[in-house]
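Data first, discussion second: the structure below is written as structure tokens.
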2 protein chains.
Amino acid sequence: APPAKPARLGMCAACHGENGVATTNADAPHLAGQKAVYLRAALHQYRDGHRDHPVMRAMAGPLSDADIDQLAQWYAAQTPSKGAP
Amino acid sequence: APPAKPARLGMCAACHGENGVATTNADAPHLAGQKAVYLRAALHQYRDGHRDHPVMRAMAGPLSDADIDQLAQWYAAQTPSKGAP
């Protein structure tokens, strides 16, 4: 069964879309179909500052490890869309 | 026409695949169909250390701005594969 919608998805969806196809923010990457292990590592790096990105640092700051895992699983399970460059 | 194969592609393909579907390295993200502007920004951040990742710092270090643009265009033009989680 596809993963349940994470509680914190709304915050991410603003730029990345609920389905991980990022059409609302030109700079935001597509997340759909990305590897969960990579998404998880990236979120940890934003949270702990190993990636120097003010917006994502603010977004990831309040996330728990469980939030991060849920969001990584959710976006990894989405279908990438080639059509939205 | 699809972009020409970048001169430096081989170095990236080792982990990310020539087509951006990263099957050889469990931690390496898929790059196929990602936004070129995002891939470009990420490579600049690896090159200048704003992303603290030893391997990618070493990979991106020698890249010129032109190399970075070519690699970003190349991978953005590839077709993402949902099948390779």
Side-chain angles (χ1 to χ4, degrees), chain A residues 1-3 12-60 68-85, chain B residues 1-3 12-60 68-85:
Chain A
C12 317
C15 292
H16 296 289
E18 274 203 357
N19 62 357
V21 178
T23 54
T24 59
N25 175 342
D27 298 324
H30 297 309
L31 303 180
Q34 183 55 273
K35 291 183 188 177
V37 62
Y38 174 76
L39 292 171
R40 190 176 171 281
L43 278 170
H44 277 279
Q45 289 212 322
Y46 284 124
R47 190 176 69 180
D48 62 31
H50 278 300
R51 284 194 184 190
D52 179 11
H53 190 296
V55 170
M56 280 305 293
R57 180 74 187 272
M59 294 293 134
I68 285 179
D69 290 345
Q70 274 173 24
L71 289 163
Q73 300 294 344
W74 170 266
Y75 278 118
Q78 303 308 307
T79 303
S81 138
K82 182 69 181 54
Chain B
C12 318
C15 293
H16 295 288
E18 275 205 356
N19 61 0
V21 177
T23 53
T24 58
N25 175 340
D27 297 325
H30 298 308
L31 303 180
Q34 182 55 273
K35 291 183 188 177
V37 63
Y38 175 76
L39 292 172
R40 190 173 169 283
L43 278 172
H44 277 280
Q45 289 211 321
Y46 284 124
R47 191 176 69 180
D48 62 29
H50 278 300
R51 285 194 183 189
D52 178 12
H53 190 295
V55 170
M56 280 305 293
R57 181 76 187 273
M59 293 294 133
I68 286 179
D69 289 345
Q70 273 173 27
L71 289 163
Q73 300 295 344
W74 170 265
Y75 278 117
Q78 303 307 308
T79 303
S81 137
K82 182 73 181 59

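Below, chain A is the first sequence line, B the second, and so on; all start at residue 1. Quick note: numbers below take in every heavy atom, side chains included, and nothing from hydrogens, waters or symmetry partners.
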Residue A:A26 versus chain B: region with a heavy atom under 4.5 Å | backbone
Honestly, the part of B:N25 sitting under 4.5 Å from a heavy atom of chain A is backbone
Any donor and acceptor pair, going by atom type alone, linking the side chain of B:W74 with main-chain N or O of B:E18 inside 3.5 Å?
-> yes
Between A:S81 and A:T79, is any pair of side-chain heavy atoms under 4.5 Å apart?
-> no
Side-chain contact test, heavy atoms from C-beta onward, threshold under 4.5 Å: evaluate it for B:C12 versus B:Y75 and give yes or no.
-> yes
With a 4.5 angstrom heavy-atom cut-off, could you sort out which part of A:A36 is near chain B: side chain, backbone, both or neither?
-> neither
Go through B:Q45, B:H53, B:Q78 and name the one with the most non-hydrogen pairs under 4.5 angstrom from chain A.
-> B:Q78
Under a 4.5 Å cut-off applied to non-hydrogen side-chain atoms, are A:V37 and B:D27 in contact?
-> yes
Quick one: pull up CG in B:L39 and CG in B:L71 and give me the separation to the nearest 0.5 Å.
-> 9.5 Å
In terms of heavy-atom proximity below 4.5 Å to chain A, should B:A41 be classed as side chain, backbone, both, or neither?
-> neither
